[in-house]
Trainee: 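Supplied in structure tokens, the structure appears directly below.
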Protein chains: 2
Amino acid sequence: MELEEAKLKYIQTWGSLATSWGINKTMAQVHALLLVAAAPLSADAIMETLKISRGNVNMNVRALIDWGIVKKEFVPGERKEFFVADKDIWELFKQITKERKRREIEPVLKVLSELQNDVKDDTEDAKQFKTLMKDLTTVTTTVNTILEKAIKADEHWLLSNFTKLMKK
Amino acid sequence: MELEEAKLKYIQTWGSLATSWGINKTMAQVHALLLVAAAPLSADAIMETLKISRGNVNMNVRALIDWGIVKKEFVPGERKEFFVADKDIWELFKQITKERKRREIEPVLKVLSELQNDVKDDTEDAKQFKTLMKDLTTVTTTVNTILEKAIKADEHWLLSNFTKLMKK
DNA sequence: CTAAACTTTCAATAAATTTTGAAAATATAG
DNA sequence: CTATATTTTCAAAATTTATTGAAAGTTTAG
């Protein structure tokens with residue numbers, strides 16, 4: 001297979017994975033493109049390769065910059081802005097995880113805890129409800145704590161520790 | 001807070017979490033409703049509580065049954081079908097994980113591995129591409145293996161083991 | 001069997017999300 | 001400052017995804 005063909009296939013695949021995990025497809029594709037690019041790319045280059053509009057490129061590149069996984073790069077003699085992706089996949093994983101944890105898991109934990117405390121009924125049904133909330137909190141907290149640990153680790157914690165764990 | 005109010009709030013919260021993880025909101029809400037229901041519910045009861053159509057109830061309940069987290073229950077003297085959710089949150093986590101792993105992660109791993117093998121170029125750029133594919137494979141495989149282990153465990157593996165791990 | 005109760009299907013419709021593209025804003029060269 | 005290049009914004013259009021509801025299918029009681 002040609003390298004360029006392989007790159008495009010990778011960009012497509014990554015885009016569909018993103019879609020099924022509730023991440024914008026174009027955003028994932030722009031990121032994938034920057035990852036496999038040999039050099040920093042301009043907005044025009046991204047537009048052309050992915051066949052998307054200038055506005056779309058701008059919005060998604062900015063989102064990626066907000067997520068901290070893409071950076072602007074200055075190219076001497078050029079007026080345009082160029083973009084590069086952090087090539088460290090671990091960093092990508094960390095950033096995405098961090099963001100999702102903060103925006104999605106933590107608010108849910110807050111609501112679950114409120115619900116557990118606020119229901120004052122003492123019926124059998126209420127007890128069952130509280131038990132369910134407690135169970136959901138346990139699972140969610142566990143996941144949240146694991147992710148937190150993963151994010152804070154300086155080195156490839158997830159890989160090394162889970163490898164150890166799996167050998168048990 | 002009233003118990004019924006709390007139940008509705010939980011159903012809403014769970015629905016929005018589902019949405020941002022690429023899971024159908026109504027499906028998550030139907031499941032949440034069945035989880036907090038004191039008794040098995042008929043399609044009519046679900047329609048009424050969630051204010052959704054009969055067709056929508058039918059489709060989502062069947063999807064939940066396919067996922068193995070909801071079951072039909074026969075109620076003596078009733079002609080209608082009633083539904084109950086498996087109250088074990090661990091079971092829910094296992095089933096969802098299993099399904100997503102099979103449908104989403106495994107196909108991606110296959111493509112990544114193909115791309116790594118099929119590119120025959122020997123340029124610097126090709127080498128970098130292969131390295132990227134290898135890195136992505138490593139992270140994805142690790143996640144996949146962890147999930148596999150979690151699914152296969154008979155008991156609350158994830159909770160107990162990760163708790164241990166975190167105390168290190 | 002027949003009729004009523006209930007479930008399933010799926011084309012049409014609605015809702016949510018994404019994308020476009022042109023106008024406005026901003027930046028830089030001369 | 002002025003002209004030009006470049007980026008940003010955002011309302012409208014397109015696309016994708018979810019929902020409805022009525023007709024067709026199925027089951028069961030009598």
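Worth knowing before you read on, the calculation uses all heavy atoms, side chains too, and leaves out hydrogens, waters and symmetry mates. In what follows, chains are A, B, ... by sequence order, proteins preceding strands, each numbered from 1.
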Trainee: Tell me the interatomic distance from B/Asn56, atom CG, to C/dT13, atom P, rounded to whole angstroms.
Mentor: 18 Å

Trainee: For the pair A/Glu5 and A/Lys9, find out whether any cationic side-chain nitrogen is under 4.0 Å from an anionic carboxylate oxygen.
Mentor: no

Trainee: Does A/Ile23 or B/Glu78 map to a spot on DNA chain C nearer the 5' end, using the closest nucleotide for each?
Mentor: B/Glu78

Trainee: Whole-Å distance between D/dT15 P and A/Asn24 CG?
Mentor: 16 Å

Trainee: Please tell me if A/Thr26 has a side-chain N or O lying less than 4.0 Å from either OP1 or OP2 of C/dT18.
Mentor: no

Trainee: Would the base of D/dT6 count as contacting A/Arg79 through its side chain, where contact means a donor and an acceptor less than 3.5 Å apart?
Mentor: no

Trainee: Where does the angle between the aromatic ring planes of B/Trp90 and B/Phe93 fall among parallel (under 30°), tilted (30 to 60°) and perpendicular (over 60°)?
Mentor: parallel

Trainee: Just how far, in rounded Å, is C1' of C/dT28 from CZ of A/Phe74?
Mentor: 11 Å

Trainee: For B/Met47 and D/dT19, give me the distance from atom CE to atom C1', rounded to whole Å.
Mentor: 12 Å

Trainee: Do the side chains of A/Lys7 and B/Asp125 get close enough for a salt bridge, i.e. N-O under 4.0 angstrom?
Mentor: yes

Trainee: Is any side-chain N of the basic residue among B/Glu106 and B/Lys110 closer than 4.0 Å to the acidic one's carboxylate O?
Mentor: no

Trainee: NZ of B/Lys80 versus P of D/dT28: gap in Å, rounded?
Mentor: 16 Å

Trainee: Give one of base, sugar-phosphate or nothing for A/Arg62, where a contact means two heavy atoms less than 4.0 Å apart.
Mentor: sugar-phosphate

Trainee: Does some side-chain heavy atom of A/Leu50 sit less than 4.5 Å from a side-chain heavy atom of A/Val30?
Mentor: yes

Trainee: Separation of B/Met59 atom CE from C/dC10 atom P, in whole Å?
Mentor: 8 Å

Trainee: Nearest-nucleotide wise, let me know which of A/Glu81 and A/Lys25 is further upstream toward the 5' end of DNA chain D.
Mentor: A/Glu81

Trainee: Just how far, in rounded Å, is C1' of D/dT19 from CZ of B/Arg54?
Mentor: 15 Å

Trainee: Would you kindly give the CD1-to-C1' distance between B/Ile65 and C/dT8, to the nearest whole Å?
Mentor: 12 Å

Trainee: Strictly below 4.0 Å: does A/Asn58 bring a side-chain N or O up to OP1 or OP2 of C/dT20?
Mentor: no

